[in-house]
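Taking it in order: structure first as structure tokens, then the write-up.
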Amino acid sequence: FDGTAAEVPEAEPNNGVPAAEPHKNVDFVSGKITRSTKDVDWFYSLARPGDLVFAYVDTSFPTPIGDSYLTVYEQNTESVFPSFLASDNNGGQGYSSAIAGVQTNSDKVYFAVREYANSLSDGEGALVGDELEYRLYSAIVSPDKTAREREPNDLREYAQEINSAIQLGN
């Protein structure tokens, strides 16, 4: 990964598993959820059993402010329906959703993004607008992409460069 990511606008319809859009690790999706239609946007990434799933739905930038709800599902090629893996409402900045380091046992991971409880507000509590703008960032990381910390690193002058997807320490 060279540090550059492309913004990929969502493409409707993507309101269920059959219409889920592919999502690459290095890109991020920008989308809108329509409150009046109870819109849910679906995306998927390929994975391997044992991979770790990280996802963040950023709703901190638009106005009006909205509250997202992220659900992650997993599905093996032999199963018909995906099964629940994890969900989050407010684990990120403000009302953004975040899931970090959940292990999948499947070869496909789905991300379902929706608004949480008619949350579009003007910051004062008044409901406004009908669309929640968001950005979905995700990473599917193999546990073998790890590096162990080296001691000493307890002071800033001994800080180590993070040179792997996952840094292990104690």
Next item on the list: Is it possible for you to say whether Ile33 and Tyr44 belong to one hydrophobic cluster, with membership spreading through side-chain heavy-atom contacts below 4.5 Å?
Entry: no
Checklist line | Output field: ring centroids Tyr137/Phe28 closer than 6.0 Å | finding: yes
Next item on the list: Side-chain contact test, heavy atoms from C-beta onward, threshold under 4.5 Å: evaluate it for His23 versus Val29 and give yes or no.
Entry: yes
Next item on the list: With rounding to the nearest 0.5 Å, note down the distance linking CG in Asp107 to OG in Ser45.
Entry: 12.5 Å
Note to self: For Tyr110 versus Ala20, what's the shortest heavy-atom pair and its separation?
What the structure shows: CE2-CB, 3.7 Å
Notebook entry, point to check: What pair of heavy atoms forms the shortest contact from Ser138 to Phe111, and how long is it?
Noted result: CB-CZ, 3.7 Å
Item checked: From Leu136 atom CG to Leu70 atom CG, the distance as rounded to the nearest 0.5 Å -> 7.0 Å
Margin query: Walk me through whether Ser106 and Gln75 qualify under side-chain contact (heavy atoms from CB on, under 4.5 Å).
Written below: CA-CA 6 Å; Ser106 301; Gln75 182 177 20; 5.5 Å; no
Check: Please walk me through it: do Asp41 and Tyr134 pass side-chain hydrogen bond (donor to acceptor under 3.5 Å, both in side chains)?
Finding: CA-CA 11 Å; Asp41 290 344; Tyr134 68 88; 2.7 Å; yes
Checklist line | Test side-chain hydrogen bond (donor to acceptor under 3.5 Å, both in side chains) applied to Ser30 and Glu7, step by step | finding: CA-CA 7 Å; Ser30 60; Glu7 180 175 359; 2.9 Å; yes
Notebook entry, point to check: Would you say Ile140 and Leu46 make side-chain contact, with heavy atoms under 4.5 Å?
Noted result: no
Item checked: Val72 reachable from Trp42 in the ILVMFWY side-chain graph, under 4.5 Å edges -> no
Notebook entry, point to check: Does Ser97 use its side chain to pair, donor to acceptor, with the backbone of Asn90 at less than 3.5 Å?
Noted result: no
Checklist line | Neighbour count above 12 (heavy atom, 6.0 Å) for Phe84 CZ | finding: yes
Check: Which heavy-atom pair separates Gly92 from Tyr56 by the least distance, and what is that distance?
Finding: CA-CE1, 3.8 Å
Note to self: For the backbone of Thr59 and the side chain of Ser96, can you confirm whether one donor and one acceptor N or O come within less than 3.5 Å of each other?
What the structure shows: yes
Kindly list each side-chain donor-acceptor pair under 3.5 angstrom involving residues 8-17, sequence neighbours excluded, with atom names and distances?
residue : atom : partner : partner atom : Å
Glu10   : OE1  : Asn14   : ND2          : 3.1
Glu10   : OE2  : Lys32   : N            : 2.8
Glu12   : OE1  : Asn14   : N            : 3.3
Asn14   : ND2  : Glu21   : OE2          : 2.9

Notebook entry, point to check: Hey, does Val141 have a side-chain heavy atom less than 4.5 Å from the side chain of Asp51?
Noted result: no
Notebook entry, point to check: How long is the span from the CG atom in Leu85 to the OG1 atom in Thr71, to the nearest 0.5 Å?
Noted result: 10.5 Å
Check: Do Ser142 and Arg48 have side-chain N/O donor and acceptor atoms under 3.5 Å apart?
Finding: yes
Margin query: Under 3.5 Å, is there a donor on one side chain and an acceptor on the other for Glu74 and Thr104?
Written below: yes
Margin query: Check whether Asp88 reaches the backbone of Ala98 with its side chain - one donor and one acceptor, N or O, closer than 3.5 Å.
Written below: yes
Notebook entry, point to check: Taking everything shown except Gln93 itself, do over 12 heavy atoms lie less than 6.0 Å from its CD?
Noted result: no
Notebook entry, point to check: Between Ala112 and Val40, which heavy-atom pair has the shortest distance, and what is it?
Noted result: CB-CG1, 4.0 Å
Margin query: Looking at Leu155, I'd like to know if its CG atom is crowded, meaning that more than 12 non-hydrogen atoms belonging to other residues, nucleotides or ligands lie closer than 6.0 Å.
Written below: yes
Next item on the list: Establish whether Tyr73 and Phe43 are linked, either directly or via other cluster members, by ILVMFWY side-chain heavy-atom contacts under 4.5 Å.
Entry: no
Check: Is the closest side-chain donor-acceptor distance between Ser87 and Tyr69 under 3.5 Å?
Finding: yes
Check: What is the minimum heavy-atom distance between Asn153 and Gln160, and which atoms define it?
Finding: CB-NE2, 3.3 Å
